Undergrad: 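The following block contains the structure, expressed as structure tokens.
This is a predicted model, so every value here is computed, not measured. Note on naming: letters A, B, ... go to the chains in the order of the sequence lines (proteins, then strands), and numbering restarts at 1 for each one.
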2 protein chains.
Amino acid sequence: MASGTAEMRRKALIGAALREISDRGSLDVTVAQIAERAGVSAALAHHYFGGKDGLIHATMRHLLVEFREVVADGLRRAATPRERIDAVLRGSFGPEQFHRATVSAWLTFYALAQSSQPAARLLRIYHRRLHSNLVQALRQLVPAADAERIAENLGAFIDGVYLRGALRGQVVSRTAISAVEDYLDLELAGRK
Amino acid sequence: MASGTAEMRRKALIGAALREISDRGSLDVTVAQIAERAGVSAALAHHYFGGKDGLIHATMRHLLVEFREVVADGLRRAATPRERIDAVLRGSFGPEQFHRATVSAWLTFYALAQSSQPAARLLRIYHRRLHSNLVQALRQLVPAADAERIAENLGAFIDGVYLRGALRGQVVSRTAISAVEDYLDLELAGRK
DNA sequence: CAAAATTGATTGACTGATCAATCAATATGA
DNA sequence: TCATATTGATTGATCAGTCAATCAATTTTG
């Protein structure tokens, strides 16, 4: 077998890219810097990812995959609709999502999505998945139209909390998830 | 008098920077591109702003000033606490704020604030002002602790809606402001 | 008032630095 | 030995920033 070398290198480079982006707080990172962190030459990064764009894209993809897995994990454990929503929230606001490197990269990718079509596509996938997870659960609690609306609001709320956490350069506190849950309770209160 | 040439040039360059950032969707704009748009040489941009950073910073500042003026205008017209909150919301979600150029620049600045201390400082000013406007009004409607909490949530909500609008590359619809207002109504419902 | 001097605005040409990307050469392992 | 992994060196492009020179307007002076 072609050995796991290739996969190891890829992972190392993606991890290094993540840390480098986080440290510098922007996408103005050079392939050379990332490669040095990963302990390889810059040329190797090109070899494995075809170029800087490929490496950045793969890094973004990695973030998305991680997020999806955390949420999927939570959903598998959830029995009731409300538990499913909570699973999504816990996934969105889990400690992994608020590691400095992750949150910093995420925000940077938001900016990138404005100019990079592939980046925009990846973020659209994230949004759609988040939305559909929420809607699916909400539909069992409120009328369909409300489910759409509430899911949209929850998504915006989550993104906003993310943004503020990133700007303050600090991990978002536990009160953040409470805030979103309180909003949800507010929306659900008084119904059947 | 030295005529308003200097001020005119500054304004032209800031406007050009805004449009250029918006068109390219990122801060990867060259001084030469901006200057060409403004109809002057790149060297002149350096002359007036001391460098690229200065020009970008001035552009960001311009956005903030515009926003402050719109909100201040609305606040002047507001009589009741609720009207004051609505004024802030209308300012935050006014059509001017959602012109493609503005929203694009705003989002890009969010990313910039991670690596530029002056940029971060400007955004902190925006946040503080927004927060204090909201808290001031809310205090007259709910207990102080709740006022803080609700203002925080409203701020995150607003930022999140902004973010999503920017990512979709479209002007945020009127339903956006309704969504935030509905949340506010929800929080206020059932009180005195 | 007119010539001369001064100041500020503006530019084109240049430079030094930075990087992504390439490639030929070398090492490693099956 | 062949294929894959890996690198150092190099290239070509891109930019921000600098500078000396021009131009226009204003002020000073005789």
Undergrad: Show each protein N/O and nucleotides 16-20 of chain C N/O combination with a separation under 3.5 Å, one pair to a line.
TA:
unit_1 : atom_1 : unit_2  : atom_2 : d
C:dA20 : OP1    : A:Val29 : O      : 3.4
C:dA20 : OP1    : A:Val31 : N      : 3.4
C:dA20 : OP1    : A:Lys52 : NZ     : 3.1
C:dA20 : OP2    : A:Val31 : N      : 3.0

Undergrad: Tell me which pairs pass side-chain hydrogen bond (donor to acceptor under 3.5 Å, both in side chains) where either residue lies in residues 36-53 of chain A, with sequence neighbours left out.
TA: A:Glu20-A:Arg37, A:Asp23-A:Arg37

Undergrad: Which side-chain hydrogen bond (donor to acceptor under 3.5 Å, both in side chains) pairs, counting each pair once, include a residue from residues 114-125 of chain B, with sequence neighbours left out?
TA: A:Ser104-B:Gln114, A:Thr108-B:Gln114

Undergrad: Can you list, by residue number, the residues of residues 12-21 of chain A that have a non-hydrogen atom closer than 4.0 angstrom to DNA chain C?
TA: none

Undergrad: With sequence neighbours excluded, tell me which residues meet side chain to side chain donor-acceptor pair (under 3.5 Å) with A:Asp86.
TA: A:Arg82

Undergrad: Pairs under 3.5 angstrom, nitrogen or oxygen only, protein versus nucleotides 10-12 of chain C, please.
TA:
unit_1 : atom_1 : unit_2  : atom_2 : d
C:dT10 : OP1    : B:Arg9  : NH1    : 2.1
C:dT10 : OP2    : B:Tyr48 : OH     : 2.9
C:dT11 : OP2    : B:Ser41 : N      : 2.7
C:dT11 : OP2    : B:Ser41 : OG     : 3.0

Undergrad: Return each pair, listed once, that meets side-chain hydrogen bond (donor to acceptor under 3.5 Å, both in side chains) where at least one residue sits in residues 58-72 of chain B; pairs must be two or more places apart or across chains.
TA: none

Undergrad: Show the distances under 3.5 angstrom between N or O atoms of the protein and N or O atoms of nucleotides 24-30 of chain C.
TA:
none

Undergrad: Just the rounded figure in Å: distance from P of D:dG17 to CZ of B:Phe49.
TA: 13 Å

Undergrad: With sequence neighbours left out, write down each residue that passes side chain to side chain donor-acceptor pair (under 3.5 Å) with A:His99, or none if nothing qualifies.
TA: none

Undergrad: Taking all non-hydrogen atoms of both residues into account, name the closest pair between B:His57 and B:Pro118 and its distance.
TA: CD2-CB, 3.6 Å

Undergrad: Verify side chain to side chain donor-acceptor pair (under 3.5 Å) between B:Asn153 and A:Tyr183, making sure each step is shown before the conclusion.
TA: CA-CA 9 Å; B:Asn153 291 350; A:Tyr183 162 68; over 6 Å; no

Undergrad: Rounded to whole Å, please give me the gap between CG in B:Asp53 and P in D:dC15.
TA: 16 Å

Undergrad: Going through the checks in order, is the side chain to side chain contact (heavy atoms under 4.5 Å, CB included) test met by B:Arg149 and A:Thr175?
TA: CA-CA 10 Å; B:Arg149 180 181 57 83; A:Thr175 58; over 6 Å; no

Undergrad: Can you name the nearest heavy-atom pair linking A:Leu167 to B:Ala113, along with the distance?
TA: CD2-CB, 3.9 Å

Undergrad: Who passes salt bridge (charged side-chain N to carboxylate O under 4.0 Å, His left out) against B:Arg164, sequence neighbours left out?
TA: A:Glu152, A:Asp159

Undergrad: Which residues pass the side chain to side chain contact (heavy atoms under 4.5 Å, CB included) test with B:Gln140, not counting sequence neighbours?
TA: B:Pro81

Undergrad: Classify the angle between the aromatic ring planes of B:Trp106 and B:Tyr126 as parallel (below 30°), tilted (30 to 60°) or perpendicular (above 60°).
TA: perpendicular

Undergrad: Can you name the salt bridge (charged side-chain N to carboxylate O under 4.0 Å, His left out) partners of A:Asp73, sequence neighbours left out?
TA: A:Arg76, A:Arg77

